[in-house]
Each structure stands twice: as structure tokens, then as C-alpha cells.
Amino acid sequence: LGAITGSWYDPSTAGQGVVLHPVNDDLTIFSFYGFENDGTPLWLTGVSEDLLETAFSSEFKMYVNSGGNFGSFTPGQITEEEWGTMKVTFDTCSKATAELDGISGQQIMHIERLVRLEGMECDQKIPPSPASAGITGSWYEPATAGQGLVLHVINDQQMLVSFYGYKNDGKKLWLIGVYSGGVNMGEPLVVNMITASGGSFGGFAPGDITETSWGTLTINFGDCDDATAVLDGVDGQQTMNMVKLAGLQGSTLNCH
């Protein structure tokens, strides 16, 4: 299962994508980030409770949230609505078909794994170092549940970081950045975060997407299960005392 962990995209619609994060044999968290028909950011989340195997399909519900504001909301203000479904069929552990069908319309993506974890390729089952594998996963602050971070360590010197949340006007916000350098517990790391515009649901080409610098994310890991994250950019500044909501099964053993 670790072999499918990572960020996936369809090269024909680069600028949107899917994050797959298996928690155990029967539970995988899926996130879709892209655009609404009016061009505003869209992110969806869903959970597959199937064992994901080659040539096997899993269909599950996807949800969309609303009611947040950058750094100034409580979980009780967040409304979760059923958006529709996603159906995923794996051809191999690095190629799949994802079918989205919901409020915004329908689209089929022939996705490839863009970012993977070192040592978790199709024919390998040995994870990277405990500290690297241990921080990979979905993180959130319980006091502001409804937003959060997804961290994927690519290798000991690279990590992909995504933030999903809200702008000051309540519209959805997703940010992405790549950190280069080692990860040491107790030492802050700084990631330049970007935002994207120019897409629409299922109807754009990669050349339509414009990337804009948003600001920075500073993360300080206490250990593989808790961290402090500070976002500072266009929408303001906020500090999140984060805990790991879901991570690679067994990866935190001897994590330090």
C-alpha cells in the first residue's frame, strides 16, 4: 500500500491533482485539489474503505467543506456537504484512472504518480528513514478542524507540502510548496508556498494555469506526531499547533 502513497496528476490537466494516503489495508484518504467551474479553488476529501489493488476499482463519496475563514474560525462553523463520488481504478501502482462525478460536473483523469516516497516504489517495501516516513501524512489543529496540511517526504532532502483551508473572504484556498533540505526535530524549516489560478473543473489546459507566490510556511516538529506550523502570506498570519491525523502505518517506530 505504501507504493501508492503520494501525489498524482493527469499530465493533460496539470494544475490539479489527487493525493492518496493509505492509513492501513482497508482505509485510504483521498484529496482532490483543483478548480470550480467559475475558476475558484476547489478541494474535496473522501475515504475509501476498500483494499486497493491493481485492476481493482473503488468508488466512494467525496465531500466539500465551507464556512471557514483564514485563521479565525472554529470547527463548529464548518459545514460539510456531500459533493459526489470518485471512482479509482489502478492499472499499476504508478498509473490509475480517477472518475469524478458530482456538483461541479464530471471528468475522467488518467493519473500518474508525480511524487512518491523513496523506498516505497512498486517493487520495494522498505520505507525511508523513520523520521522521514514518520512525518508523512495528514496533519491538523483540532481547534481549527476543517483545514490542515498534507506532508509527503520524497526523500531525505525533499518534501512536498500542501495546505487546504480558506481565504479571508471564506473562499477555499489551497497552497503547495516544496521544501529542500533535511528535516530535524526541533529545528524550523521554511517552505515557500504558491497558489494557482486559471483552471475550471475538467475544462482547462496546463498552459491556462498561473502560479503566484503566496507567502511562507514555517514548520517546527516536536516529534513525528506534533508540530507547530506558521502560515504568513497574502491572507494574513496564523499559527497552528498541529497533530498528525493519519500517517503511514508503523512508520513512527523509533522516530526521533
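Model, not experiment: these values are computed from the prediction.
Rounding to the nearest 0.5 Å places CG of Leu44 at 11.5 Å from CD of Glu82. In this structure, Asp10 CG and His110 NE2 are separated by 7.0 Å, a value rounded to the nearest 0.5 Å. Taking OG from Ser197 and CG from Asp208, the interatomic distance works out to 10.5 Å, rounded to the nearest 0.5 Å. Note that CD of Gln237 is 4.5 Å distant from CG of Asp232, once rounded to the nearest 0.5 Å. Going from atom NZ of Lys171 over to atom OG of Ser66 covers 14.0 Å, rounded to the nearest 0.5 Å. Distance CG/Leu42 to CG/Leu100: 9.0 Å, rounded to 0.5 Å.
Closest approach of Pro11 and Pro206 over heavy atoms only: O-CG, 3.5 Å. For the pair Gly67 and Ile78, the tightest heavy-atom approach, listed with the atom from each and the gap, is C-CD1, 3.9 Å. In this structure, Trp83 and Gly105 approach most closely via the heavy-atom pair CH2-O, 4.1 Å. Across all non-hydrogen atoms, the minimal contact from Glu141 to Thr239 is OE1-O, 4.1 Å. Contact between Ser7 and His152 at its shortest, heavy atoms only, is OG-ND1, 3.8 Å. Nearest heavy-atom pair across Phe204 and Gln16 is CE2-OE1, 3.7 Å.
Between Trp139 and Val161 there is no side-chain heavy-atom pair separated by less than 4.5 Å. Side-chain contact between Leu245 and Val243: absent, with no pair of heavy atoms (C-beta onward) separated by less than 4.5 Å. Considering only heavy atoms from C-beta on, Leu149 comes within 4.5 Å of Met242 through its side chain. In this structure, Cys224 and Met185 have side chains that are in contact, with non-hydrogen atoms separated by less than 4.5 Å. Using a 4.5 Å heavy-atom cutoff, the side chains of Trp174 and Tyr33 are in contact. Counting heavy atoms from C-beta outward, Met159 and Leu151 have side chains that approach closer than 4.5 Å. Residues Leu160 and Tyr179 have side chains not in contact (no heavy-atom distance under 4.5 Å, counting atoms from C-beta outward). No side-chain heavy atom of Ile135 sits under 4.5 Å from any side-chain heavy atom of Lys244.
Grouping the Ile, Leu, Val, Met, Phe, Trp and Tyr side chains by contacts below 4.5 angstrom, directly or via other members, places Ile176 with Val178. Val230 and Val150 fall into different hydrophobic clusters, where Ile, Leu, Val, Met, Phe, Trp and Tyr are joined by side-chain heavy atoms under 4.5 Å apart, directly or via other members.
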Test side-chain contact (heavy atoms from CB on, under 4.5 Å) on Leu231 and Leu175; report intermediate values, then the result. CA-CA 10 Å; Leu231 281 162; Leu175 307 170; 4.3 Å; yes
request  = Go through the steps to decide whether Met86 and Phe32 satisfy the test side-chain contact (heavy atoms from CB on, under 4.5 Å), and finish with yes or no.
outcome  = CA-CA 10 Å; Met86 176 183 282; Phe32 168 80; 4.3 Å; yes
message = Is there a side-chain contact (heavy atoms from CB on, under 4.5 Å) between Asp235 and Leu173? Walk through the geometry before answering.
response = CA-CA 10 Å; Asp235 293 281; Leu173 171 68; 3.9 Å; yes
Determine whether Glu81 and Ile103 satisfy the following criterion, side-chain contact (heavy atoms from CB on, under 4.5 Å), listing intermediate values before the conclusion. CA-CA 10 Å; Glu81 178 184 4; Ile103 293 172; 3.5 Å; yes
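If you look at Trp43 and Tyr164, their ring centroids are closer than 6.0 Å. When ring centroids are compared, Trp214 and Phe163 stay outside the 6.0 Å threshold. Aromatic ring centres of Phe60 and Phe30 lie closer together than 6.0 Å.
No hydrogens or angles considered: nothing links the side chains of Ser94 and Trp8 as a donor-acceptor pair under 3.5 Å. Side-chain contact, Glu36 with Ser104: a donor N or O sits under 3.5 Å from an acceptor N or O.
Between Asn241 and the choices Thr228, Thr144, Asp226, the side-chain contact (heavy atoms from CB on, under 4.5 Å) rule is met once, by Thr228.
Looking at Lys172, its side chain never comes within 3.5 Å of a backbone N or O of Phe35 through a donor-acceptor pair. Not one N or O on the side chain of Glu187 forms a donor-acceptor pair closer than 3.5 Å with the backbone of Asn184. Remark: the backbone N or O of Asn168 is paired with a side-chain donor or acceptor of Asn69 at under 3.5 angstrom.
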